[in-house]
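This report concerns only the one structure given below.
The figures here come from the full heavy-atom set of this structure, side chains too, leaving out hydrogens, waters and symmetry mates. Since this is a predicted model, take the numbers as computed values, not measurements.
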Amino acid sequence: MTKIYIYCLFDEAGVFYGAYSSLKAVHRDAVKVANKGSVSIHMEAENIVPRPTLTNLRNAFKGRCDVTIRYRGGPHYADITKTKLKE
């Protein structure tokens, strides 16, 4: 049985941007959604605020499911939710 994970992207208004199977693609689009202001972007995951890199995102999601991580750039943000495809 194969484990298939889905990454869902939402903006600050709760608008659904898409479902991704690629962590690289959802990271790229989350940076675009959160980068609308002049403030630098940071990642919020359980009180940890590292730089929003693909490696940090992968490590924050590693071994966990049904978790949401936020990319915040001032008043603008993007939420990435990791969930498992259910059969």
Review item, side-chain donor-acceptor pairs of residues 26-41, under 3.5 Å, at least two apart:
from, atom 1, to, atom 2, distance (Å)
His27, ND1, Tyr71, OH, 2.7
Asp29, OD2, Tyr20, OH, 2.5

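To the nearest 0.5 angstrom, Leu54 atom CG is 5.5 Å from Leu23 atom CG. Atom CG of Asp79 sits about 11.0 Å away from atom SG of Cys8, to the nearest 0.5 Å. With values rounded to the nearest 0.5 angstrom, Ile6 atom CD1 is found 11.0 Å from Ser22 atom OG. Considering NE2 of His42 and CZ of Arg70, their distance stands at 9.5 Å, rounded to 0.5 Å. Between the CD atom of Glu44 and the CZ atom of Arg72 there is a distance of 4.5 Å, given to the nearest 0.5 Å.
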Problem - Verdict with reasoning, Phe61 to Ile69, per side-chain contact (heavy atoms from CB on, under 4.5 Å) - result: CA-CA 8 Å; Phe61 279 140; Ile69 295 187; 3.7 Å; yes
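Counting heavy atoms from C-beta outward, Ile80 and Leu57 have side chains that approach closer than 4.5 Å.
A side-chain donor-acceptor contact under 3.5 Å links Thr83 and Asp66.
Closest approach of Phe16 and Phe10 over heavy atoms only: CD1-CE2, 3.5 Å. Summarising the geometry of Val15 relative to Asp11, their closest heavy-atom pair is N-OD1, 2.8 Å, with the distance given to 0.1 Å.
Hydrophobic clustering, with ILVMFWY side chains joined whenever heavy atoms are under 4.5 angstrom apart, keeps Val67 apart from Tyr77.
For Arg64 and Glu46, the salt-bridge test passes: some basic side-chain N is under 4.0 Å from an acidic carboxylate O.
Judged by the 6.0 Å and 45° rule, Lys84 forms no cation-pi pair with Tyr5.
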